[in-house]
There are 2 protein chains.
Amino acid sequence: MDSAPPTPPSSPPSSPWLPFESRRRARDEKREAVLRAAVQLFLEQGYHRVTLNEVAERLNITKPALYNYFRGKDEILFECWSMGAELVDSVITEINAGSGSGLARLRKLVHAYAALMATDFGASLVRFDLRDLTERNAAVARAAKKRIDATFRDYIAAGMADGSIKACDPKLAAFAIAGSLNWIGHWYRRDGGLSPAAIADEFTARLTEGLAAVGPQHTIKKTPGAPRRRNPRRKTTGKKRTGEGTR
Amino acid sequence: MDSAPPTPPSSPPSSPWLPFESRRRARDEKREAVLRAAVQLFLEQGYHRVTLNEVAERLNITKPALYNYFRGKDEILFECWSMGAELVDSVITEINAGSGSGLARLRKLVHAYAALMATDFGASLVRFDLRDLTERNAAVARAAKKRIDATFRDYIAAGMADGSIKACDPKLAAFAIAGSLNWIGHWYRRDGGLSPAAIADEFTARLTEGLAAVGPQHTIKKTPGAPRRRNPRRKTTGKKRTGEGTR
DNA sequence: ACTTTTTCTTACCTGCGGGTAATATATCGG
DNA sequence: CCGATATATTACCCGCAGGTAAGAAAAAGT
């Protein structure tokens with residue numbers, strides 16, 4: 001809207017960094033705008049059916065302009081995917097920073113992950129085909145996926161160790177839970193009557209009730225801390241930037 | 001192997017139907033061979049990366065020969081998908097024909113469905129993008145998916161009605177279970193140390209243990225009929241044929 | 001006001017892959 | 001052995017979408 005720069009033109013040239021910074025910012029904002037438009041189209045129509053012309057058109061520019069920000073179509077796909085991965089990563093670091101039993105952590109992860117699957121960048125994690133990426137980028141993506149999967153298993157294993165989760169095969173249990181969550185990304189529609197929060201709550205309960213240990217402590221049903229209300233929302237901080245030049 | 005027709009050439013022309021039938025059979029077998037080759041390649045590399053030349057090459061023929069059996073690439077995709085759908089349908093009819101509580105039926109369905117996801121045609125149900133189909137075929141596929149989803153919900157609702165399943169939202173519970181199962185189609189690898197039977201058993205237990213009613217009757221842990229052993233395997237009959245000519 | 005750098009556009013190239021036409025070859029019925 | 005039918009091949013078309021080159025337009029720096 002407002003075109004006034006942070007440093008008005010009348011001010012002395014004391015700080016030439018700010019305009020420089022603002023230029024960089026503008027560029028990154030445009031980059032992100034491209035990603036937002038692209039991820040939306042990719043999810044709507046599928047990567048292969050979306051042309052770069054369409055992406056550009058939606059941004060009121062033309063195709064070659066995109067090449068100022070990205071090397072090619074596959075890099076756009078990868079960056080979309082990365083956005084989602086960063087969101088998950090920040091969720092995980094946050095949970096790891098906190099405390100709680102294995103079961104409690106697993107519940108937090110399930111809740112946050114479920115909500116993430118209802119976002120564009122979150123869904124892109126499970127709806128994009130990694131085979132569309134360059135081998136290099138695909139390797140990065142595979143590694144990230146592996147880390148996420150390992151986190152699920154770790155929480156389950158930790159829960160078994162601390163007695164909050166009953167004995168089971170962590171690998172298969174993680175597959176079952178993660179699969180259920182990942183599938184949200186395939187069926188969730190914004191106009192579908194089910195709010196992300198409701199889905200997250202329900203899945204948290206449904207997916208962990210079978211795992212809770214029944215022997216030592218009594219069956220845990222709702223979140224132990226807040227008896228009735230669930231966590232309203234969790235602010236997903238993040239937004240790192242890679243800073244890798246285009247040319 | 002053996003090329004001798006059912007009616008040897010020396011016999012009188014009393015039954016000209018058999019050679020005709022055998023011709024038809026040969027044709028259908030080739031059609032199916034195309035589908036088997038195609039589904040494998042589609043799963044391996046992804047639909048868009050597979051060329052018809054590759055499909056043909058794997059069958060030791062050339063691309064245009066495929067057009068004797070299918071209208072085009074998308075029809076091949078659809079027929080692969082249909083093979084999977086027919087397998088699920090036959091599983092469902094079999095379960096519906098039998099008896100058992102809602103929970104028991106749900107368990108049967110989960111078990112059979114999990115095993116199916118470890119097959120090529122089963123996986124094609126969840127790994128192919130319906131948007132690659134013509135609108136007409138996509139509508140058929142959507143309807144089939146809806147029927148399958150409805151079956152999950154029906155079993156859960158029936159279980160709640162007969163007391164074998166505790167109160168829950170059938171829609172979300174079905175999503176959670178089906179999602180977990182569908183995801184198998186994405187991660188299962190034949191060379192991955194986990195046998196389909198083991199996966200099916202584990203998922204059957206894991207996905208239904210949280211749903212079993214604990215109030216009225218005692219907790220149901222294993223299958224109620226057979227106390228220790230689970231169903232070893234279920235023969236998936238089926239293999240209907242559409243019989244729609246190409247030209 | 002001039003130059004320089006960044007950003008964007010118009011016009012084009014190019015390869016790939018689905019699909020088709022014309023034609024050859026095997027198979028079948030007689 | 002001969003025509004008819006199905007089945008396969010070789011050669012081709014062509015539309016599309018990713019990517020590029022060259023230059024205009026806009027900003028930034030001085």
Side-chain angles (χ1 to χ4, degrees), chain A residues 3-9 11-31 33-34 38 41-42 45-57 59-77 132 134 245-247, chain B residues 3-9 11-31 33-34 38 41-42 45-57 59-77 132 134 245-247:
Chain A
S3 64
T7 42
S11 72
S14 59
S15 58
W17 300 312
L18 277 192
F20 177 83
E21 264 296 314
S22 94
R23 256 180 91 92
R24 237 187 82 94
R25 265 188 65 88
R27 191 185 161 80
D28 284 357
E29 270 164 28
K30 286 185 191 169
R31 236 182 99 96
V34 173
L41 284 169
F42 289 165
Q45 313 179 27
Y47 177 68
H48 293 283
R49 275 172 295 278
V50 175
T51 71
L52 289 185
N53 278 321
E54 287 178 272
V55 176
E57 196 178 3
L59 294 161
N60 296 315
I61 56 176
T62 56
K63 175 177 59 170
L66 295 173
Y67 284 82
N68 281 318
Y69 303 101
F70 301 95
R71 265 202 234 290
K73 196 186 182 188
D74 64 286
E75 189 178 296
I76 297 181
L77 185 72
D132 288 320
T134 61
T246 310
R247 287 232 167 141
Chain B
S3 64
T7 42
S11 74
S14 60
S15 57
W17 300 311
L18 278 192
F20 177 82
E21 264 296 313
S22 95
R23 256 181 92 93
R24 236 188 81 96
R25 264 189 65 89
R27 190 186 162 80
D28 284 356
E29 270 165 26
K30 286 186 190 168
R31 236 183 99 96
V34 173
L41 284 169
F42 289 166
Q45 312 180 27
Y47 177 69
H48 293 283
R49 274 171 295 278
V50 175
T51 72
L52 289 185
N53 278 321
E54 285 178 275
V55 176
E57 195 179 3
L59 294 160
N60 295 317
I61 57 177
T62 56
K63 175 177 59 170
L66 295 173
Y67 284 83
N68 281 318
Y69 303 101
F70 301 94
R71 264 202 234 291
K73 197 186 182 188
D74 64 287
E75 189 178 297
I76 297 181
L77 185 72
D132 288 319
T134 62
T246 311
R247 289 237 163 134

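A note on names: the letters A, B, ... follow the listed sequences, proteins ahead of strands, and every chain is numbered from 1. Side chains are part of it too, since the values below use all heavy atoms of this structure and drop only hydrogens, waters and symmetry mates.
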Nearest-angstrom distance from the residue atom [atom1] of [X] to [atom2] of [N]:
X: A/Arg31; N: C/dT7; atom1: CZ; atom2: P; result: 12 Å
X: B/His48; N: C/dG17; atom1: NE2; atom2: P; result: 13 Å
X: B/Asp132; N: C/dG17; atom1: CG; atom2: P; result: 15 Å
X: A/Ile76; N: D/dA17; atom1: CD1; atom2: P; result: 15 Å
X: A/Phe70; N: D/dG18; atom1: CZ; atom2: P; result: 15 Å
X: A/Lys73; N: D/dA17; atom1: NZ; atom2: P; result: 9 Å
X: B/Leu59; N: D/dT9; atom1: CG; atom2: P; result: 11 Å
X: A/Tyr67; N: D/dA17; atom1: OH; atom2: P; result: 13 Å

Would you classify A/Val50 as touching base, sugar-phosphate or nothing, given that sugar-phosphate means primed atoms plus P, OP1 and OP2, and contacts are heavy atoms under 4.0 Å? sugar-phosphate

Around B/Gln45, counting heavy atoms of other residues, nucleotides and ligands shown, do more than 12 lie under 6.0 Å from its CD? yes

All side chain to side chain contact (heavy atoms under 4.5 Å, CB included) counterparts of A/Lys30, not counting sequence neighbours: A/Tyr69

What string of B, S and - do you get for nucleotides 9-15 of chain C, 5' to 3', when a contact is any protein heavy atom under 4.0 Å? BB-----

Euclidean distance, A/Thr51 OG1 relative to A/Lys63 NZ, rounded to 0.5 Å: 8.0 Å

Would you check if the side chain of A/Lys73 reaches a backbone N or O of A/Tyr47 as a donor-acceptor pair within less than 3.5 Å? yes

Show the nearest heavy-atom pair for residues B/Leu52 and B/Leu66, with the distance to one decimal. O-CD1, 3.6 Å

Taking all atoms of both residues into account, what is the closest heavy-atom pair of B/Leu59 and B/Ala33, and its distance? CD2-O, 3.8 Å

Would you tell me if any nitrogen or oxygen in the side chain of [X] comes within less than 4.0 Å of OP1 or OP2 on [N]?
X: A/Lys30; N: C/dT7; value: no
X: B/Arg71; N: C/dG18; value: no
X: B/Arg27; N: D/dT7; value: yes

Quick one: which of C/dT7, C/dT20, D/dT7 gets closest to the side chain of B/Tyr69? D/dT7

Under 3.5 Å, is there a donor-acceptor pair linking the side chains of A/His48 and B/Asp132? no

